[in-house]
Visitor: 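This is the structure I have questions about; it appears just below.
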Amino acid sequence: MEFINRITEANNQEQIIIDLLKETEGEFDLGILYVCPWAPYEPEELVNGLKSKGKMRHLICCTVAGIIGSEREIEGRPSASLMLMRLPDVKITPFILTQPVLEGLKQKEDWYNFLEVYPNENPSFVIFADPFSIDGNAILAGLNQAYTGMPIVGGLASAAAGPAENILILDGEVLTEGLVGVCLTGNLRVETVVSQGCRPIGDTFIVTKAQRNVVYELAGRPFYKVLEEVLNNSTEYDRHLAHEAIFVGIAMDEYKEKFRRGDFLIRGLLGVEPESGAGAVGDYMRVGQTVQFHLRDARTASEDLHELLKQYKTKKQPTSAHGAFVFSCNGRGINLFKERDHDIKIIQHHLGPVPAAGFFCAGEIGPVGGINFLHGFTNSMALFYPKHDSL
């Protein structure tokens with residue numbers, strides 16, 4: 001198993017292809033290309049050029065707002081990042097999905113027939129979707145039901161501000177809507193780390209009254225009163241952060257005695273109504289869930305990524321990953337951290353050296369508590385290992 005990453009900031013197609021294929025001899029099973037399209041070339045022309053000069057069985061392209069390579073993050077200017085993969089004894093199933101087709105996939109068996117992949121094959125998925133034309137949450141709900149516990153990683157294309165402007169390409173087929181992806185089975189193990197960039201404040205509480213995405217009571221008291229009490233007992237700095245934005249962490253395992261980083265799915269608090277005491281959360285809620293309020297800033301996001309990667313190394317004690325995909329929110333990067341290459345430096349510090357590639361997303365995909373979700377302001381990464389090192 002081999003992963004090779006190349007990046008470029010060249011602004012003409014010939015030089016871009018030279019840079020991306022530099023010292024990459026032989027055939028590859030899969031290539032994934034991320035392109036910032038602010039340059040005098042078209043992504044489909046670049047893909048055709050790469051296919052003609054390189055040897056790739058499958059090639060996926062996604063247009064993005066910024067690219068990530070093994071050592072650098074490049075935002076808001078012409079650039080491209082290519083990950084080339086040799087995956088012996090791995091079956092690669094590429095697929096395209098549009099909203100009309102998605103709406104017909106109602107049962108688990110529909111997904112099995114569509115992909116011709118089954119749960120006993122222990123598949124892993126890498127997907128890239130256009131946020132304007134396909135329901136990302138519905139995709140994940142269907143895949144979670146059909147392939148319970150299997151990892152799904154990827155992100156929403158981020159190059160465009162409106163419909164039909166993002167470009168997705170799979171094996172030469174060019175799309176401006178829908179989703180492209182690959183399902184991987186065989187001699188491959190995918191580990192995931194999802195850093196949601198938040199830290200908890202106050203205690204945990206049980207939801208005692210809720211309907212759809214509105215929480216009326218926590219521990220038998222009005223939601224707003226509980227929030228007010230938590231903030232009153234917080235530091236002035238935390239109250240300042242809460243004024244900017246506050247989040248609700250939903251425990252993925254309500255029966256845990258002690259919660260730690262990575263145990264919560266982070267969702268935004270959309271608003272509160274002091275008169276009724278209710279709070280609207282960016283997800284459906286139900287009675288019995290354990291929640292805790294969370295805050296986010298650059299310092300917290302950096303700390304969270306460090307701590308989760310430390311936990312990962314301590315718990316998994318892995319050999320070095322053969323490759324990594326990194327999907328970071330376009331609200332992170334230099335705008336949040338005021339420094340370049342922030343996340344990839346931390347990843348390489350804890351797990352490197354590892355070939356890595358990814359992009360700044362309009363929404364990041366990754367599992368929390370074994371269930372795959374669409375996130376915001378998150379760094380979602382997938383680490384690739386062979387199941388059998390001897391092969």
Side-chain angles (χ1 to χ4, degrees), residues 1-5 28-32 34 58 60 62 68 70 83-95 111 115 117-129 139-140 143-155 179-196 252 262 305 308-309 311-313 315-328 343-344 347-348 350-359 361 364-375 378-391:
M1 181 178 291
E2 184 180 15
F3 287 67
I4 297 173
N5 171 250
F28 295 89
D29 298 300
L30 177 62
I32 299 183
Y34 309 105
H58 301 288
I60 294 175
C62 178
I68 299 171
S70 296
M83 182 72 96
L84 293 169
M85 289 156 271
R86 291 189 175 100
L87 302 171
D89 302 304
V90 174
K91 178 185 174 184
I92 301 171
T93 303
F95 60 96
W111 286 95
L115 293 171
V117 174
Y118 301 91
N120 64 342
E121 298 178 80
N122 296 313
S124 301
F125 296 86
V126 183
I127 61 177
F128 310 110
I139 294 163
L140 294 176
L143 288 172
N144 280 328
Q145 181 187 32
Y147 304 97
T148 303
M150 300 297 101
I152 307 169
V153 296
L179 170 151
V180 296
V182 288
C183 175
L184 304 172
T185 58
N187 184 33
L188 181 76
R189 188 177 90 253
V190 178
E191 304 275 2
T192 59
V193 179
V194 177
S195 173
Q196 299 176 86
M252 299 307 297
L305 185 57
L308 283 173
L309 290 172
Q311 284 182 24
Y312 175 77
K313 284 200 72 172
K315 182 179 179 181
K316 300 290 183 178
Q317 296 181 338
T319 56
S320 295
H322 286 240
F325 289 157
V326 182
F327 305 107
S328 186
D343 284 1
I344 196 63
I347 292 166
Q348 294 292 3
H350 290 284
L351 304 179
V354 56
F359 71 101
C361 312
E364 308 77 58
I365 297 167
V368 175
I371 303 172
N372 300 287
F373 294 97
L374 182 61
H375 306 276
T378 292
N379 183 301
S380 176
M381 70 194 78
L383 304 165
F384 291 80
Y385 306 85
K387 286 181 182 176
H388 312 291
D389 291 320
S390 60
L391 295 179

Visitor: Quick one: does any side-chain atom of Asn372 pair with a main-chain N or O of Ile152 as donor and acceptor, under 3.5 Å?
Guide: yes
Visitor: Restricting to non-hydrogen atoms, name the atom on Leu179 and the atom on Gly181 that form the minimum distance, rounded to 0.1 Å.
Guide: CD2-N, 4.2 Å
Visitor: Determine whether Tyr312 and Glu191 make a side-chain contact, defined as any pair of heavy atoms from C-beta on separated by less than 4.5 Å.
Guide: yes
Visitor: Within the structure provided, determine whether Asp29 and Val90 are in side-chain contact (heavy-atom separation under 4.5 Å).
Guide: no
Visitor: Are any of the side-chain heavy atoms of Lys313 and Leu351 separated by less than 4.5 Å?
Guide: yes
Visitor: Determine whether Met150 and Leu143 make a side-chain contact, defined as any pair of heavy atoms from C-beta on separated by less than 4.5 Å.
Guide: no
Visitor: Answer yes or no: is there a donor N or O on one side and an acceptor on the other, between the side chain of Glu364 and the main chain of Thr378, under 3.5 Å?
Guide: yes
Visitor: Between CG of Leu184 and NZ of Lys91, what distance do you get to the nearest 0.5 Å?
Guide: 11.0 Å
Visitor: Nearest 0.5 Å, what's the CG-OG distance between Asn379 and Ser195?
Guide: 6.0 Å
Visitor: Return the orientation label for the Phe384 and Phe3 ring planes: parallel under 30°, perpendicular over 60°, tilted otherwise.
Guide: tilted
Visitor: Below 4.5 Å, heavy atoms only, C-beta onward: do Val194 and Pro367 meet side chain to side chain?
Guide: yes
Visitor: If you measure from CD1 on Ile92 to CG on Leu30, what distance do you get to the nearest 0.5 Å?
Guide: 5.0 Å
Visitor: If you look at every heavy atom in Thr93 and Leu115, which pair is closest and at what distance?
Guide: CG2-O, 3.6 Å
Visitor: Below 4.5 Å, heavy atoms only, C-beta onward: do Met85 and Ile32 meet side chain to side chain?
Guide: yes
Visitor: I need the Ile139 CD1 to Asn144 CG distance, nearest 0.5 Å.
Guide: 11.5 Å
Visitor: Would Leu87 and Met1 satisfy side chain to side chain contact (heavy atoms under 4.5 Å, CB included), going step by step from the backbone distance to the final call?
Guide: CA-CA 5 Å; Leu87 302 171; Met1 181 178 291; 4.1 Å; yes
Visitor: Please report the closest heavy-atom contact between His322 and Tyr385, naming both atoms and the distance.
Guide: CD2-CA, 4.5 Å
Visitor: Looking at OG1 of Thr192 and CZ of Phe325, how far apart are the two atoms once the value is rounded to the nearest 0.5 Å?
Guide: 14.0 Å
Visitor: Looking at Ser70 and Ala356, would you say the former's side chain and the latter's main chain have a donor-acceptor pair under 3.5 Å?
Guide: yes
Visitor: Any sub-3.5 Å donor-acceptor pair from Glu121's side-chain atoms to Gly186's backbone N or O?
Guide: no
Visitor: First locate atom OG of Ser328, then atom CD1 of Ile344, and finally report the distance between them rounded to the nearest 0.5 Å.
Guide: 9.5 Å
Visitor: Give me the atom names and distance for the closest heavy-atom approach of Tyr147 to Trp111.
Guide: OH-O, 3.7 Å
Visitor: Do His375 and Ile365 make a side-chain contact, defined as non-hydrogen atoms from C-beta onward lying under 4.5 Å apart?
Guide: no
Visitor: What closest approach, in Å, do Phe327 and Cys361 show between heavy atoms, and which atom pair accounts for it?
Guide: CB-SG, 3.7 Å
Visitor: What pair of heavy atoms forms the shortest contact from Cys183 to Pro123, and how long is it?
Guide: SG-CB, 3.4 Å
Visitor: Hey, does Asp343 have a side-chain heavy atom less than 4.5 Å from the side chain of Met381?
Guide: no
